[in-house]
Protein chains: 2
Amino acid sequence: MIPTLAITNALSDRNRLRTFMALLTFDELCVCEITELLKIKPPTTSRHMTILSAAGLVQGRKEGRWVYYRACREVNQEDGASIIAWIQSRLATDPEIIADKSRLHHIIQATKTRKTCTPQRSAS
Amino acid sequence: MIPTLAITNALSDRNRLRTFMALLTFDELCVCEITELLKIKPPTTSRHMTILSAAGLVQGRKEGRWVYYRACREVNQEDGASIIAWIQSRLATDPEIIADKSRLHHIIQATKTRKTCTPQRSAS
DNA sequence: TCTATATTTAGCCAATCAACTAACTATAGA
DNA sequence: TCTATAGTTAGTTGATTGGCTAAATATAGA
């Protein structure tokens with residue numbers, strides 16, 4: 001039961017839900033991009049990612065000074081039932097999520113221009 | 001986004017998750033039965049049910065002094081994706097949920113014997 | 001080696017929350 | 001009408017949590 005609670009808990013905060021949705025849309029995001037998206041301070045972002053990671057919802061990798069996170073798409077699928085499918089079906093058309101997606105395009109462009117934290121990336 | 005957060009929030013408490021699972025198994029339960037299952041005081045049960053109800057996960061009906069709750073099975077289904085299916089696929093075999101189910105059979109029998117809060121009821 | 005930068009860890013704070021008790025409201029029965 | 005019972009509301013308490021700042025750690029570059 002604890003693992004299920006860890007997931008529901010992780011997804012019961014507005015910023016963490018926005019982060020997870022962003023990661024379902026974009027292949028991979030850097031902590032600094034998530035920080036800029038959410039408009040919070042880096043330590044807070046770090047803490048949120050720790051919670052999502054501990055719940056098995058995301059996975060991070062370090063590259064130099066930068067840490068990039070991806071959504072884990074398989075582990076949350078049980079017998080065809082998926083919390084990801086449920087979340088996306090509910091939030092894909094949410095105004096705030098759509099705005100986030102738009103802003104992230106610009107954030108990503110900006111990081112490319114500055115030539116910082118520029119891993120291979122793609123968006124669906 | 002608020003309605004989704006209301007659901008994830010509602011399901012991020014252990015006792016509320018147990019309650020929801022119990023209601024997915026048994027057609028309808030009385031507040032006093034849920035209270036006995038969770039081994040908490042009635043005011044706490046009342047508050048939990050208010051949260052689940054506000055999230056649209058359960059629905060209550062009053063009959064005399066007694067309040068009975070049912071799980072809402074349709075409203076949480078979006079384009080075939082269902083949080084109910086996800087929850088059940090993860091928790092159907094959880095030891096604590098199984099123990100709850102067993103205890104509830106006895107609790108229901110006991111309420112029948114005492115001839116209190118005895119609505120029509122069935123279990124899957 | 002020193003400086004700059006990104007992220008994490010530690011600690012603090014205000015807000016929130018699950019538990020409780022006490023009181024209240026609603027209902028049933030004598 | 002009074003008493004008993006079930007559930008809700010109000011208030012309190014200790015624990016938890018999301019935000020922050022400061023400090024620590026890791027990495028890159030000069």
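Below, chain A is the first sequence line, B the second, and so on; all start at residue 1.
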Of the listed nucleotides C:dA19, C:dT7, D:dC20, the one nearest the side chain of B:Thr44: C:dA19
Whole angstrom is fine here: how far is it from CG in A:Asn9 over to C1' in D:dT16? 10 Å
Rounded to whole Å, please give me the gap between CG in A:Leu29 and P in C:dT7. 12 Å
Starting at atom CD1 of B:Ile34, determine the distance to atom P of C:dA19, rounded to an integer number of angstrom. 14 Å
B:Arg47 CZ to C:dC17 P: how many Å, rounded? 10 Å
Do A:Arg16 and D:dG19 have a side chain to base donor-acceptor pair shorter than 3.5 Å? no
Check whether any side-chain nitrogen or oxygen of A:Lys41 sits under 4.0 Å from OP1 or OP2 of D:dT21, and answer yes or no. yes
With respect to the phosphate group of C:dA26, does any side-chain polar atom (N or O) of B:Lys62 fall under 4.0 Å of OP1 or OP2? no
Protein-nucleotide distance (B:Met49, atom CE; C:dA19, atom C1'), rounded to Å: 17 Å
What nucleotide, of C:dA18, C:dT8, D:dG18, holds the atom closest to the side chain of A:Ser46? C:dT8
From the candidates C:dA10, C:dT7, D:dG7, the one with an atom nearest any side-chain atom of A:Val31 is C:dT7
The side chain of B:Pro43 is closest to which nucleotide in this list: C:dA28, D:dC20, D:dT8? D:dT8
Measure from CG on A:Leu38 to P on D:dC20 and round the result to the nearest Å. 10 Å
A:Ser12 side chain to A:Asn9 main-chain N or O, any donor-acceptor pair under 3.5 Å? yes
Considering only side-chain heavy atoms of B:Val67, which listed nucleotide, D:dC20, C:dA19, D:dT8, is closest? D:dT8
With the side chain of A:Arg65 defined as its heavy atoms from C-beta on, choose the nearest nucleotide among C:dT8, C:dT5, D:dG18. C:dT5
Atom-pair distance (CZ on B:Arg61; P on D:dT8), nearest Å: 14 Å
Is the backbone of A:Leu5 close enough, under 3.5 Å, to the side chain of A:Thr8 for a donor and an acceptor to pair up by distance? yes
Given 3.5 Å as the limit, does a donor-acceptor pair link the side chain of A:Ser89 with the main chain of A:Trp86, or not? yes
Strictly below 4.0 Å: does B:His48 bring a side-chain N or O up to OP1 or OP2 of C:dA19? yes
Of C:dA18, D:dG7, C:dT7, the nucleotide closest to the side chain of B:Asp13 is C:dA18
Rounded distance (Å) that lies between atom P of C:dA26 and atom CD of B:Glu63: 18 Å
Checking A:Leu57, A:Leu23, A:Leu29 against A:Met49 for side-chain contact (heavy atoms from CB on, under 4.5 Å), the one that qualifies is A:Leu23
Are any side-chain N or O atoms of B:Arg103 and backbone N or O atoms of B:Leu37, one a donor and one an acceptor, separated by less than 3.5 Å? yes
